[in-house]
Amino acid sequence: GGGGGGGGVVPLTTTYRSTLPPINGGGGSGEVDLTTTARPTLPPITPTPSPTPVPTTTTLAPSPAPTPAPGPVGSTTLVEFTTTARPTIPGAPTAVTDQNSVTPWPGAVPLPPEVISPIEITTAAPILITTAAPIMVTAIPTTTTALPTTTPGPTVTITTTSTLTFTTTVTTKTVTTTTTIVVQSDAPLYTFYAYRAQSTEDYDLRNVNAGNMAGILWYLQHDIVTPTGPRYNMKGLARYKVQVRAPQKLFNKGMNFGIRFGYHSGECKGPGLCDQYYQEYGDFVGCNQLGHFPYPNFETYFSNGAWYSFPQGGICTGTPTGADDCTFSYEGSGFATIDEIQGSEGYEFWKDPKDQAANDAKTLKAQEVFERKYPSMPGAIPSPTCDFNQDVFYGNSR
């Protein structure tokens, strides 16, 4: 060296550790950028020549390669790497190799480059880094060769800073749920067969009248069949399996059935104002025992004959809840022609119309026709009691 200056090499090795938890579900990537800057200001050194300068070469071994393995969710992975910092002294040559790399776990899938704010790291203390994916930081061998010196340099303190940038993915999943509130009345559920005299097999059970087997046979015998054939082009009986549950306001009056309104061509004909009572009680199924109000209110000679009314506003699918707009449901359950019901007797089948025993026998024969024709379906199902009470029903409406 010469006067007025000095030269020296100050190798600095800094080790820090970061704890990186793995992301749930697989891949991810991380990246470490390391920048080392050291520019100490050294006072002039007066060299003292050495009798015999001895060149010294020092090789720094690389850090041991970490062997972390990705663990389950919530575990941590310890990684470490080494960086070498060297001061720059005026007039002295510099030669420092300083590299690091970041490698994802084998099989990891790189995440989209959604960069979270960089984290400033100082090497003065261990740091904890939270990342969205397990990463492995591997030190590349770093070698620093000490230059020959003739004069020891002063002690130099160097502070290094590093910036770690990593990417992560935040997934937001929106789940839409639908809550259905089912309002069900306290009324019991009734299941039974209803029959309708029709000219075709295909006819909806809405805004129409129907009856149990005894009730519909009385209608055929009284209004339809003649010695020369059926009137109104009637072909036979359509059978429906119906389920009925009364709306709560009607059930609170002690009834499962309201007034049996008469329907003609889909229009409600009363008695009274149909809409008024549907609004008051809900779209109820109506009934009346034959021989009682509203019609027929005279002796029919059929045991337990009943007629029903089924408003369109009360029909629903599945099991009726008894809500004002869900009081009954139905499914088609067969069709029998008048000829099939009369059998070989023909018009004689209808003889003795005022003989109750003869009429009850007609009811059984007609039920047997359906049972033979549709053996896989349930046979005769008892009709529920028609509990319509005229005085109670109209008590608050007149």
Side-chain angles (χ1 to χ4, degrees), residues 187-221 223-224 230 232-247 256-268 283-290 302 304-323 325-341 362-388:
L189 179 69
Y190 291 104
T191 302
F192 56 96
Y193 283 133
Y195 301 85
R196 177 173 169 78
Q198 296 182 174
S199 57
T200 63
E201 298 184 29
D202 186 14
Y203 205 97
D204 289 337
L205 196 67
R206 61 184 75 204
N207 282 0
V208 295
N209 296 115
N212 62 8
M213 182 62 82
I216 207 66
L217 287 182
W218 177 83
Y219 171 68
L220 289 179
Q221 181 171 274
D223 293 306
I224 301 300
Y232 311 124
N233 198 32
M234 290 294 182
K235 301 299 183 184
L237 298 182
R239 183 175 68 171
Y240 303 91
K241 184 179 180 181
V242 299
Q243 289 188 303
V244 173
R245 193 190 303 271
N256 289 284
F257 296 90
I259 177 66
R260 195 272 302 163
F261 288 129
Y263 281 91
H264 180 70
S265 298
E267 184 179 353
C268 186
D283 288 298
F284 54 82
V285 175
C287 79
N288 74 288
Q289 289 292 133
L290 299 192
F302 274 85
N304 301 316
W307 281 1
Y308 307 104
S309 56
F310 294 96
Q312 180 169 338
I315 192 171
C316 53
T317 58
T319 302
T321 63
D325 59 352
C326 184
T327 58
F328 76 96
S329 61
Y330 74 93
E331 59 183 68
S333 297
F335 185 89
T337 66
I338 293 176
D339 288 340
E340 289 174 325
I341 292 172
K362 298 169 191 174
T363 301
L364 292 176
K365 288 179 181 179
Q367 289 174 344
E368 290 171 357
V369 169
F370 278 94
E371 292 173 7
R372 289 194 303 270
K373 192 170 182 180
Y374 302 99
S376 62
M377 296 183 181
I381 303 175
S383 302
T385 300
C386 180
D387 59 3
F388 166 69

Are any non-hydrogen side-chain atoms of Lys241 and Met377 less than 4.5 angstrom apart?
no
Using the ring of each side chain (for Trp, its six-membered ring), is Tyr219 parallel, tilted or perpendicular to Trp307, with breaks at 30° and 60°?
perpendicular
Nearest 0.5 Å please: distance from the CD atom of Gln198 over to the CG atom of Asn233.
12.5 Å
Which class fits the ring pair Tyr240 and Tyr330: parallel under 30°, tilted 30 to 60°, perpendicular over 60°?
perpendicular
Could you tell me which non-hydrogen atom of Phe302 sits nearest to which non-hydrogen atom of Leu217, and how far apart they are?
CE2-CB, 3.9 Å
Beyond-backbone contact of Pro320 with Leu189, side-chain heavy atoms, under 4.5 angstrom:
yes
Consider side-chain contact (heavy atoms from CB on, under 4.5 Å). Of Val285, Asp204, Ile315, which one does Phe310 pass it with?
Val285
Any Phe261 side-chain heavy atom under 4.5 Å of Pro311 side chain:
no
Return the minimal non-hydrogen interatomic distance between Pro375 and Arg372, and the atom names on each side.
CD-O, 3.5 Å
At what distance, to the nearest 0.5 angstrom, does NZ of Lys235 lie from CG of Asp339?
9.5 Å
CG (Asn256) and CZ (Phe388) are apart, to the nearest 0.5 Å, by 13.5 Å
Measuring from Ile381:CD1 to Met213:CE, what's the distance to the nearest 0.5 Å?
11.5 Å
Ring centres under 6.0 Å, that's the criterion: do Tyr195 and Phe370 meet it?
yes
Compare every heavy atom of Ser329 with every heavy atom of Cys316, then report the nearest pair and how far apart it is.
O-CB, 3.1 Å
Show your reasoning for whether side chain to side chain contact (heavy atoms under 4.5 Å, CB included) applies to Thr191 and Gln243.
CA-CA 4 Å; Thr191 302; Gln243 289 188 303; 3.3 Å; yes
Answer whether the closest heavy-atom distance between the side chains of Ser333 and Tyr374 falls below 4.5 Å.
no
Main-chain N/O of Phe335 paired with Lys373 side-chain donor or acceptor, under 3.5 Å:
yes
So, taking the atom named CD1 in Ile216 and the one named CG in Leu290, what distance separates them when rounded to the nearest 0.5 Å?
9.5 Å
For Gln312 and Asn207, the nearest pair of non-hydrogen atoms, with its separation, is N-OD1, 2.8 Å
If we ignore hydrogens and angles and just use 3.5 Å, is the side chain of Asp283 paired with the main-chain N or O of Asp325 as donor and acceptor?
no
Is there a donor-acceptor contact under 3.5 Å from the side chain of Thr327 to the main chain of Pro247?
no
Using a 4.5 Å cut-off on heavy atoms from C-beta on, say whether the side chain of Tyr193 contacts that of Asn212.
no
Verify the ring-centre separation between Tyr308 and Phe328: is it less than 6.0 angstrom?
no
Quick check: do Phe257 and Thr385 have side-chain heavy atoms less than 4.5 Å from each other?
no
Tell me the closest heavy-atom pair linking Ile259 and Phe284, and the distance in Å.
O-CE1, 3.4 Å
Residue pair Arg245 / Pro188: nearest heavy atoms and the distance that separates them
CG-O, 3.6 Å
Hey, does the side chain of Asn288 reach the backbone of Arg260 with a donor-acceptor pair shorter than 3.5 angstrom?
no
I'd like to check Leu237 versus Leu220 (side-chain heavy atoms, cut-off strictly below 4.5 Å). Are they in contact?
yes
